[in-house]
Structure formats: C-alpha cells, structure tokens
Amino acid sequence: MPVEMAVPKVNNKMLEELEDMGFPKARAVRALHYSGNSSIEASVNWMIEHENDADIDQIPLIAVDIDVETPQPFHITELMKMKAQELRDRAHKMKEEEEKKLERHRERERIRASKDLTEAKRTTEESERKRYLALQKAEKEEEKRARKKILQKLEQDKVERGFRVGLPSERPEALKPSMPILQGKKASLPVKSGTKAEHMRECLRSIKRSYLDDDARVRRAFQTLLIYVGNVAKNPDEEKFRKIRLGNLLFQDRVGNLRGGVEFLELCGFERMGGEFLYLPRDKVDEAILNTAGFELKSAATNPFFGLLSV
C-alpha cells in the first residue's frame with residue numbers, strides 16, 4: 001500500500017513566534033519538525049546548527065502525520081532572540097557577499113567586452129590603413145608608368161592626328177606595337193578600318209571630356225572596359241564574359257552612366273538583349289576588333305593628353 005507524503009504538523013503558536021522573529025516559514029517548520037516541536041529555543045538551536053544545509057528552506061515531507069501538543073508553556077528568552085538575530089545577521093552577510101561576488105563578475109565581463117571591442121576596432125582600423133596604403137602605392141606606380149611613356153605617347157598622338165587630316169597613315173616602326181594589345185587563342189592585328197577605330201576613340205574622348213576634373217574616374221572607366229574586352233579575347237567560349245547585366249550597379253558606376261561607355265562596347269560587337277543585358281554572340285566575336293579596342297584603350301589610358309589635343 002503506497003504511503004502518502006504530507007507536510008508535517010507543527011505547533012502553530014511556536015511557528016507564529018518563529019515567523020515573528022524573522023525566520024522564513026519553511027525554515028521554521030523544518031526546525032520545529034526536526035527538534036520535535038519541543039521548544040522555541042530547541043528550534044532556534046537546530047537552525048543554527050543546520051544553517052548551511054542545502055535544503056534548510058525546504059519544507060520536509062513525512063509519511064505520517066503526528067499529533068503535536070505543546071508540552072508546557074514556553075517563553076522567548078533573550079538568548080533565543082540573540083541567536084535569532086545572529087542567524088539573520090549571518091544570512092544578511094552571506095547575501096551581501098554573494099551580491100559583491102556577482103558584481104565583481106559583472107565588472108570583469110564589462111572589462112573583457114571593452115577589451116574585445118577595442119581590439120576589434122584596432123584590427124579594423126589597421127586593415128583600412130593597409131588598404132589605403134596599397135591603393136596609394138598602386139596609384140603612384142600607375143602614374144610612374146604613365147610618366148615614362150609621355151614622350152612616346154605625345155609622338156603617337158601627333159601621328160594619329162596627322163592620319164586624320166590626310167597625312168600618310170603608316171606609323172613609324174618605333175610606334176607600332178610589337179604584338180597585338182590583346183591576344184586570344186590566335187593572335188591577330190588590330191582592325192585597319194579607320195572608321196571603326198575612330199569611332200572607338202570618339203567614345204573614349206567623350207568619357208574623357210565628361211570628366212576632365214576627375215582623372216580617377218576616367219582611368220577607372222578605361223580599365224573596366226579593358227577588362228571586359230580582354231576577358232572576351234582570352235576566353236571567347238565563356239558566355240559569362242560575353243554577357244553584361246546593364247542594371248549591375250558596379251557596371252553603371254564605372255561604364256554604363258558615362259557617355260560613350262556602352263557605345264564603345266557595342267562597337268566591340270556587344271548587342272542589347274531586351275534592355276537588360278549586353279550580349280556578344282559567340283559567332284560574332286571578332287578578335288581583330290577586340291585587339292583594336294584594346295589598343296585604343298591602352299593608348300587613351302596612358303596618354304595624359306588624350307582628348308585634350310585632339311580636334
């Protein structure tokens with residue numbers, strides 16, 4: 001037959017007295033039960049002896065009820081009051097120590113979080129500084145290469161202007177490229193059609209003239225166009241290099257929004273597809289035209305007077 005567990009019965013009057021002394025009800029019930037409900041003093045002594053028990057504030061459960069009678073009148077003595085106060089003082093002190101320990105832990109966590117944040121900020125700033133220095137170095141190297149070619153490109157521009165006004169079109173051997181600017185699987189010379197090349201130069205001049213005070217943007221546009229053309233020349237069978245999304249934000253910023261940018265790509269063979277893409281069909285890839293485009297881009301990018309001296 002199963003035994004039912006129940007809260008033990010204790011002397012209610014002594015329980016009230018212990019609660020009036022400031023003890024929690026569960027602790028008072030436990031003390032009265034285990035001290036045999038003998039007296040207030042016995043209950044207080046039991047609590048002092050067992051104050052560190054893990055279950056000190058849990059009401060005990062017993063299998064049978066007991067009939068508790070107050071054996072004799074009892075009185076709360078000064079000693080019991082002192083012991084009760086001592087218990088309360090200990091409990092208060094333990095609570096304060098726990099709160100201080102918790103606050104120290106929180107402070108350590110705040111310090112650790114602050115250090116982590118400072119380190120993350122330092123790492124980010126260091127990365128930004130390195131990236132800025134790398135960009136500066138790349139720009140200086142590019143400017144240095146351009147300065148080395150100024151004299152050659154000035155002469156080249158003079159020859160090209162002479163060609164446009166009817167002078168002999170044969171370029172000096174020193175100015176002829178030793179090989180095509182762009183190479184595919186099989187090298188071919190730039191297209192000799194003056195009309196196609198002139199239209200390409202006019203597109204590049206439009207870009208240059210639209211941003212006379214922003215050399216960096218012009219240079220970035222020429223470099224981007226050279227990448228598009230070069231990728232197709234080197235990988236004509238790769239469709240991803242022959243298809244450009246017109247709505248791409250990077251494309252719009254570097255080429256699409258610049259006067260002459262899209263027209264230049266159309267001269268290279270790209271066609272509009274439903275207003276969403278520029279597409280160069282595989283059977284319309286002309287290596288000679290791509291080499292011409294590459295030559296014109298290289299010339300425009302490295303000649304600081306391009307678009308300024310031309311009429």
Side-chain angles (χ1 to χ4, degrees), residues 22-27 50-58 85-148 207-208 210-232 234-235 238-259 261-262 265 275-278 297 300-302 304:
F23 294 108
K25 182 177 181 178
R27 184 177 298 193
H50 296 271
E51 64 175 323
N52 294 322
D53 290 359
D55 57 355
I56 186 67
D57 288 320
Q58 296 179 11
Q85 184 62 43
E86 182 181 352
L87 280 177
R88 286 195 294 271
D89 291 343
R90 289 183 186 177
H92 181 70
K93 184 177 181 181
M94 290 178 63
K95 183 177 180 181
E96 286 184 341
E97 290 178 352
E98 287 296 324
E99 290 178 350
K100 289 180 180 179
K101 184 186 296 184
L102 181 60
E103 181 60 30
R104 287 195 297 270
H105 175 72
R106 289 173 178 169
E107 183 63 23
R108 286 195 296 270
E109 286 297 311
R110 284 194 292 268
I111 293 174
R112 184 187 62 78
S114 177
K115 288 182 178 179
D116 291 344
L117 182 61
T118 301
E119 179 61 20
K121 183 178 179 182
R122 187 195 66 78
T123 301
T124 301
E125 291 176 349
E126 180 66 16
S127 298
E128 287 295 320
R129 187 184 69 82
K130 289 181 179 179
R131 189 176 69 86
Y132 175 73
L133 292 177
L135 288 174
Q136 274 194 328
K137 182 179 179 181
E139 290 181 356
K140 288 181 180 179
E141 289 178 351
E142 186 175 353
E143 292 175 358
K144 184 178 179 180
R145 287 194 298 270
R147 284 196 298 269
K148 289 182 179 180
I207 295 174
K208 177 72 173 182
S210 297
Y211 297 95
L212 290 176
D213 297 328
D214 195 346
D215 290 340
R217 184 162 191 179
V218 173
R219 184 166 57 250
R220 188 165 59 244
F222 289 171
Q223 290 172 345
T224 303
L225 288 171
L226 189 59
I227 289 173
Y228 284 132
V229 173
N231 284 340
V232 176
K234 295 174 183 176
N235 307 279
E238 293 286 342
E239 183 178 9
K240 65 180 180 180
F241 294 129
R242 295 184 282 106
K243 191 174 184 179
I244 304 172
R245 184 183 294 276
L246 288 170
N248 182 279
L249 296 179
L250 185 61
F251 172 78
Q252 287 293 325
D253 179 60
R254 293 183 169 226
V255 175
N257 289 331
L258 279 63
R259 179 182 176 185
V262 174
L265 290 171
E276 187 176 357
F277 294 98
L278 282 177
L297 282 166
T302 56

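With Ser127 contributing its side chain and Thr123 its backbone, the two residues share a donor-acceptor pair below 3.5 Å. When atom types are taken as modelled, the side chain of Arg145 and the backbone of Thr302 share no donor-acceptor pair closer than 3.5 angstrom. The main-chain N or O of Leu249 is never found under 3.5 Å from a side-chain atom of Asp253 such that the two would form a donor-acceptor pair.
Ionic pairing of Arg122 and Glu125 is not present here: no N-O contact between side-chain nitrogen and carboxylate oxygen is shorter than 4.0 angstrom. A salt bridge does not link Glu239 to Arg242: none of the charged nitrogens lies less than 4.0 Å from a carboxylate oxygen. A salt bridge is defined here as a Lys NZ or Arg NE, NH1 or NH2 lying under 4.0 Å from an Asp or Glu carboxylate O, and Glu107 with Arg110 meets this definition.
Considering every non-hydrogen atom in both Leu265 and Val255, the closest pair reads CD1-CG1, 4.4 Å. Nearest heavy atoms, Leu87 versus Phe23: CD1-CE2, 3.3 Å. Here the closest heavy-atom approach between residue Tyr228 and residue Ile244 is recorded as CD2-CD1, 3.8 Å. Scanning both residues, Phe241 and Val232, for their nearest heavy atoms gives O-CG2, 3.1 Å. Among all heavy-atom pairs drawn from Leu225 and Gly261, the shortest one is CD2-O, 4.0 Å. Across all their heavy atoms, Phe222 and Ala300 have their closest contact at CE1-CB, 3.7 Å.
More than 12 heavy atoms of other residues, nucleotides or ligands sit less than 6.0 Å from atom CG of Leu212.
Residues forming a side-chain hydrogen bond (donor to acceptor under 3.5 Å, both in side chains) with Glu276 (at least two apart in sequence, or on another chain): Arg245.
Between the CD atom of Glu139 and the CD atom of Glu143 there is a distance of 6.5 Å, given to the nearest 0.5 Å. Put simply, NZ on Lys208 and CZ on Arg219 are 9.0 Å apart, with the number rounded to the nearest 0.5 Å. Interatomic distance, CG of Asn248 versus CZ of Arg254, reported as 10.5 Å (0.5 Å rounding). In this structure, CD on Glu51 lies 7.0 Å from CE on Met94, to the nearest 0.5 angstrom. Taking CD from Glu98 and NZ from Lys95, the interatomic distance works out to 11.5 Å, rounded to the nearest 0.5 Å. Residue Gln58 holds its CD atom at 10.5 Å from CG of Asp53, rounded to the nearest 0.5 Å.
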Could you walk me through whether Tyr132 and Glu128 pass side-chain hydrogen bond (donor to acceptor under 3.5 Å, both in side chains), step by step? CA-CA 6 Å; Tyr132 175 73; Glu128 287 295 320; over 6 Å; no
When you look at Arg104 and Lys100, which way does the side chain to side chain contact (heavy atoms under 4.5 Å, CB included) test go after all the steps? CA-CA 6 Å; Arg104 287 195 297 270; Lys100 289 180 180 179; 3.8 Å; yes
Step by step, work out the side chain to side chain contact (heavy atoms under 4.5 Å, CB included) result for Leu133 and Lys137. CA-CA 6 Å; Leu133 292 177; Lys137 182 179 179 181; over 6 Å; no
Stepwise, does the side chain to side chain contact (heavy atoms under 4.5 Å, CB included) test hold for Lys115 with Arg112? CA-CA 5 Å; Lys115 288 182 178 179; Arg112 184 187 62 78; 5.7 Å; no
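Under the 4.5 Å side-chain criterion, counting only non-hydrogen atoms from C-beta, Glu109 is not in contact with Arg106. Side-chain contact between Tyr211 and Leu258 is present, with heavy atoms from C-beta onward closer than 4.5 Å.
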